[in-house]
Amino acid sequence: MSNNNDDIRFRILRLIEQNPEISQRQLSREVGISLGKLNYCIQALVEKGEVKIRNFRVSPNKLQYAYLLTPAGIAAKASLTAGFLRRKQAEYDALKAEIEELSRELKQDRASCD
């Protein structure tokens with residue numbers, strides 16, 4: 001699975017853990033993917049046994065659901081979190097090195113203008 005798909009899966013699991021009653025429309029907005037793709041991802045998570053879907057029992061709108069992370073979902077989220085963190089740390093380190101290089105270049109350019 002690509003890093004982008006891992007990031008999408010991580011974000012979905014994280015958002016579901018934070019707010020089990022989040023709607024698919026809200027999830028798609030938060031993750032930055034289409035509603036159709038989000039629905040496909042949710043179904044894949046259900047098939048993997050990482051998420052369970054429950055109807056709201058007290059809701060008059062029976063189309064509303066609660067998403068629950070299963071123990072497999074919690075384990076997957078932990079693994080995905082570690083990978084996400086490693087990728088973001090590498091991005092940070094690369095950006096920091098680029099900023100330092102640009103700062104050195106700027107100092108050299110200013111020095112040569114004086």
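Just so it is clear, the values below take in all heavy atoms, side chains as well, and ignore hydrogens, waters and symmetry mates. For clarity, every value in this text was computed on a predicted model and none was experimentally measured.
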Between atom CG of Leu27 and atom OH of Tyr67, what is the distance when rounded to the nearest 0.5 Å? 7.0 Å
Could you give the distance from CD1 (Ile22) to CD1 (Ile12), rounded to the nearest 0.5 Å? 10.0 Å
Nearest 0.5 Å, what's the CD1-CZ distance between Ile16 and Arg11? 14.5 Å
For residues Ser103 and Glu100, is any side-chain donor paired with an opposing acceptor at under 3.5 Å? no
Linking I/L/V/M/F/W/Y whenever any side-chain heavy atoms sit under 4.5 Å apart, do Leu69 and Ile53 land together? yes
Determine which pairs satisfy ring-ring contact (aromatic ring centres under 6.0 Å, His included) with at least one residue from residues 72-94, sequence neighbours left out, and list them in order. Phe10-Phe84
Residues passing the salt bridge (Lys or Arg N to Asp or Glu O under 4.0 Å) test with Arg104, sequence neighbours excluded, are Glu101
With sequence neighbours excluded, give me every side-chain hydrogen bond (donor to acceptor under 3.5 Å, both in side chains) pair touching residues 70-90. Asp7-Arg87, Glu17-Lys77, Lys88-Glu91, Gln89-Asp93
Determine, stepwise, if the pair Leu13 / Leu80 fulfils side chain to side chain contact (heavy atoms under 4.5 Å, CB included). CA-CA 9 Å; Leu13 291 172; Leu80 290 165; 3.8 Å; yes
Just list the side-chain donor-acceptor pairs under 3.5 Å for residues 30-42, sequence neighbours left out, or say none.
{"residue": "Ser34", "atom": "OG", "partner": "Lys37", "partner atom": "N", "Å": "3.0"}
{"residue": "Asn39", "atom": "ND2", "partner": "Gln24", "partner atom": "OE1", "Å": "3.1"}

Sequence neighbours left out, what pairs pass ring-ring contact (aromatic ring centres under 6.0 Å, His included) with at least one residue falling in residues 94-114? none
In short, Gly49 meets Ala72 closest at the heavy-atom pair O-CB, 3.6 Å
Given side chains that start at C-beta, do those of Glu105 and Leu102 come closer than 4.5 Å, heavy atoms only? yes
Is any side-chain heavy atom of Lys48 closer than 4.5 Å to one of Arg9? yes
Quick one: which residue pairs count as a ring-ring contact (aromatic ring centres under 6.0 Å, His included) with a foot in residues 93-114, not counting sequence neighbours? none
